[in-house]
Amino acid sequence: MNLSWSHQSLTRRRTLAAAAGLAAGALVPPGPALAVVAQYTNPVIWQDFADIDIIRVGDTYYASASTMHYSPGAPVLRSYDLVNWEIAGHSVPVLDFGAKYDLNGTRGYVRGIWASSLAYRPSNRTFYWLGQIDFARTYLYTATAVEGPWNRLTTINAPYYDAGLLVDTDDTLYVAYGNTTISVAQLSPDGRNQIRTQEVFRTPSSVGTLEGARFYKINGQYYIFLTRPANGQYILKSSSGPFGPYVMRQVLLDLRGPIPGGGVPHQGGLVQTQSGAWYYMAFVDAYPGGRMPALAPVTWTADGWPVVQLVNDAWGTMYPSPAVPTPPRQVTPMTGVDTFDGTTLKPRWEWNHNPDNTKWSVGNGLTLRTATVTHDLYWARNTLTHRIQGPTSTATVQLDHSAMRDGDRAGLALLRDSSAWIGLKRDGGATRVVMVTGLTMDSNWNTTGTGTEIASAPVSGGRVWLRANADIRPGAPRPGTFSYSTDGITFTRLGPAFPMGNDWRFFMGYRFALFSHATQALGGAVRVTRFEVSTP
């Protein structure tokens, strides 16, 4: 990804264009009992998971994605068929990279976890996550299971920008990285240090920017898979080892994507199935919802170059489903009901910046005690977010507000750099349900608007249901609407539709967000007893 407008020109999303091309070599004899579903539909995940790195370990597929300022970071997705996915855990348990990620005097919006890499090392049966933070240094985390625990193995004092980690067949660790100038680093056998780095390719000016490296060794050849943001994909190939020399070939350019109104599929990774088939999982720019994963089969030319298989000269909306062994179980849905039972949050949840862990708890619902005194939601700690399911979905929250105090604000937001919310204001001993809009940030992610109340109604008792509906189909600004209920059955619309912004520069898409903060003094709390994301 190219988030570096403070360091480089704004090249990353010059176009959310329409319309180009990768794919799979000779099949090996099939394994046990292959179950083939007729077809799958793109996007395979209509939620915001960008900058994908994808691997297979045995019969299980894993993918990692960017999360910027959300904590925990770098979610690991799991699938048994490349089509149905669940969130298994997070590679970066806490963003302990400085005070800004704690909302402590400064903020980390649009920083944090960018394009990073996920790999598996068979020699020690260990997963590796590698990524650079703030153009300063690179962090490497390891785990023996993707659910965790993940622990920091090392910090390398070199920022491997948009890195791809390769575990070579001789167990050597290499990293491909860079923007336009592409380099390869070799790590020490334990992965803790860099022992060599070398520039291996300089992008021709006729191509422009290349970044988002993924590093592969296939049939004895070394490949660095690179994206031209946001409308192309290229590949470098070396027959002489990981340090090159490399030759370049275009994989796709201005390819029509599978989401109407969305962009060109790009910046993902290649993976081979158990039967030898290859697939490319990319993402599609589809704001206001974010960047959605799409899957296409890949074949290979006789001289070793990948080709995306197209449908009517476009990335297909539908393809035959991959032939894989029968999954051992169904994956956990990314939507549905959460009553916050157990002792930990489910992995589909991520906080806006690191939380204050003394101010929340789960079990018998989610309790959010006020953690910040502020009139600005963008400064409020312990705002808990959930990705929106596309193309449209609805979040409904059952909220116990009996422990709110004067000056407290709590509710359900559609959260991005332009936001709105429905929730509760408690002032002078009285509680009202309100709709607030006009929460905004500028292009440097400083707050320019803390919100204006535009509709309200009195509520009594200690319980209320809040609802937000989000249309995240890309294209024209789409509406978000809010409603509330005092019995959980009959909902009353509150306020006008909120136009969700579709500018790409915040990178992350809109999220549903639960919040509780104070404007006068700490001490109040709310309890979320039920949260549900449903689709039409």
Side-chain angles (χ1 to χ4, degrees), residues 31 51-65 72-80 82 85-94 96-97 113 115-133 137-160 162-177 183-198 213-225 241-243 269-274 281 325 328 347:
D51 308 322
I52 301 156
D53 201 1
I54 183 169
I55 61 174
R56 177 175 61 85
V57 180
D59 289 337
T60 307
Y61 299 88
Y62 301 97
S64 183
V76 183
L77 307 179
R78 177 169 49 210
S79 175
Y80 302 104
L82 285 173
W85 293 84
E86 64 185 2
I87 307 176
H90 289 81
S91 301
V92 181
V94 61
D96 52 351
F97 310 122
I113 306 298
S116 53
S117 189
L118 179 70
Y120 179 76
R121 197 176 196 184
S123 64
N124 59 1
R125 299 180 181 179
T126 297
F127 292 90
Y128 288 73
W129 178 90
L130 179 146
Q132 69 87 28
I133 304 294
R137 53 190 59 87
T138 299
Y139 298 85
L140 203 157
Y141 291 75
T142 60
T144 54
V146 294
E147 297 88 349
W150 286 83
N151 296 293
R152 186 180 298 174
L153 175 69
T154 192
T155 302
I156 298 172
N157 288 320
Y160 296 149
D162 276 20
L165 177 63
L166 169 66
V167 181
D168 205 343
T169 49
D170 66 359
D171 205 41
T172 304
L173 299 174
Y174 296 102
V175 183
Y177 64 97
S183 299
V184 168
Q186 180 181 343
L187 304 184
S188 58
D190 62 6
R192 293 178 180 272
N193 301 290
Q194 173 185 291
I195 62 174
R196 177 186 176 186
T197 187
Q198 179 179 316
R214 298 284 173 247
F215 206 3
Y216 305 102
K217 187 178 186 181
I218 301 171
N219 295 330
Q221 308 286 303
Y222 291 86
Y223 295 86
I224 302 176
F225 198 34
F243 292 99
L270 298 169
V271 69
Q272 187 179 32
T273 68
Q274 300 92 312
M281 181 176 277

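Computed from a predicted structure; not experimentally measured.
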**Fill in**
In Thr155, Leu187, Leu173, the residue satisfying side-chain contact (heavy atoms from CB on, under 4.5 Å) with Leu140 is Leu187
**Request:** Mark yes or no for whether Thr144, through its side chain, and Thr126, through its backbone, hold a donor-acceptor pair below 3.5 Å.
**Result:** no
**Message:** Looking at Ser64, is its backbone amide N or carbonyl O close enough to the side chain of Asp53 to form a donor-acceptor pair, meaning the two atoms are under 3.5 Å apart?
**Reply:** no
**Request:** Evaluate ring-ring contact (aromatic ring centres under 6.0 Å, His included) for Trp129 paired with Tyr141, printing each intermediate quantity in order.
**Result:** CA-CA 5 Å; Trp129 178 90; Tyr141 291 75; 5.7 Å; yes
**Message:** side-chain contact (heavy atoms from CB on, under 4.5 Å), that's the test. Do Gln186 and Thr172 meet it? Break it down for me.
**Reply:** CA-CA 8 Å; Gln186 180 181 343; Thr172 304; 3.8 Å; yes
**Request:** Ignoring hydrogens and angles, tell me if any N or O in the side chain of Arg137 forms a donor-acceptor pair with the backbone of Gln132 under 3.5 Å.
**Result:** no
**Item:** Residue pair Tyr216, Gln221: steps toward the side chain to side chain donor-acceptor pair (under 3.5 Å) verdict
**Value:** CA-CA 8 Å; Tyr216 305 102; Gln221 308 286 303; over 6 Å; no
**Message:** Between Arg192 and Leu153 (side chain of the first, backbone of the second, donor and acceptor by atom type, cut-off under 3.5 Å), is there such a pair?
**Reply:** yes
**Request:** Measure from the ring center of Phe97 to the ring center of Tyr139 and say whether it is less than 6.0 Å.
**Result:** yes
**Fill in**
Sorted by chain and residue number, the ring-ring contact (aromatic ring centres under 6.0 Å, His included) partners of Tyr80 (sequence neighbours excluded) come out as none
**Request:** Can you measure from CD1 (Ile55) to CD (Gln272) and round to the nearest 0.5 angstrom?
**Result:** 14.0 Å
**Message:** Check this for me: Asn219, atom CG, are more than 12 non-hydrogen atoms of other residues, nucleotides or ligands nearer than 6.0 Å?
**Reply:** no
**Asked** Under the criterion salt bridge (charged side-chain N to carboxylate O under 4.0 Å, His left out), which of Asp168, Asp170, Asp171 is the partner of Arg121?
**Response** Asp171
**Asked** Are Gln194 and Arg196 close enough that a side-chain donor and a side-chain acceptor fall under 3.5 Å?
**Response** no
**Complete:** Note: Ala213 and Ala176 closest approach over all heavy atoms is CB-O, 3.5 Å
**Whether Phe127 and Tyr62 hold their rings parallel, tilted or perpendicular, with breakpoints at 30° and 60°** = perpendicular
**Item:** Rounded distance [0.5 Å steps], CG in Leu130 versus CD1 in Ile156
**Value:** 6.0 Å
**Separation between CD1 of Ile113 and CD1 of Ile133, rounded to the nearest 0.5 Å** = 4.0 Å
**Request:** Give a yes or no answer on whether the side chain of Ser188 reaches the backbone of Asn193 with a donor-acceptor pair at less than 3.5 Å.
**Result:** yes
**Asked** Taking side chain as C-beta onward, heavy atoms only, is Val175 less than 4.5 Å from Val184?
**Response** no
**Prompt:** Is there a donor in the side chain of Asn124 and an acceptor in the side chain of Tyr128, or the other way round, less than 3.5 Å apart?
**Reply:** yes
**Message:** With side-chain contact (heavy atoms from CB on, under 4.5 Å) as the criterion, how do Thr197 and Tyr177 come out once you've worked through the C-alpha distance, each side chain's angles and the decisive distance to 0.1 Å?
**Reply:** CA-CA 10 Å; Thr197 187; Tyr177 64 97; 2.7 Å; yes
**Request:** Mind running side-chain contact (heavy atoms from CB on, under 4.5 Å) on Arg56 and Gln274 for me, showing each step along the way?
**Result:** CA-CA 9 Å; Arg56 177 175 61 85; Gln274 300 92 312; 3.6 Å; yes
**Asked** Atom CH2 in Trp150, atom CZ in Arg152: separation rounded to 0.5 Å?
**Response** 14.0 Å
**Request:** Output, in order, the C-alpha distance, side-chain angles, deciding distance and verdict of side-chain contact (heavy atoms from CB on, under 4.5 Å) for Val271 and Tyr61.
**Result:** CA-CA 9 Å; Val271 69; Tyr61 299 88; 3.9 Å; yes
**Message:** Closer than 3.5 angstrom, by distance alone: can the side chain of Arg78 be matched with the main-chain N or O of Val146 as a donor-acceptor pair?
**Reply:** no
**Prompt:** Mind checking whether Tyr222 and Tyr174 have parallel, tilted or perpendicular rings, split at 30° and 60°?
**Reply:** perpendicular
**Fill in**
Rounded to the nearest 0.5 angstrom, the CG-OG1 distance for Asn157 and Thr138 is 9.0 Å
**Asked** Tell me, do Val76 and Ser91 make a side-chain contact under 4.5 Å, heavy atoms counted?
**Response** yes
**Request:** Decide side chain to side chain donor-acceptor pair (under 3.5 Å) for Tyr160 and Ser117; before the verdict, give the C-alpha distance in whole Å, the side-chain angles of both, and the deciding distance to 0.1 Å.
**Result:** CA-CA 10 Å; Tyr160 296 149; Ser117 189; over 6 Å; no
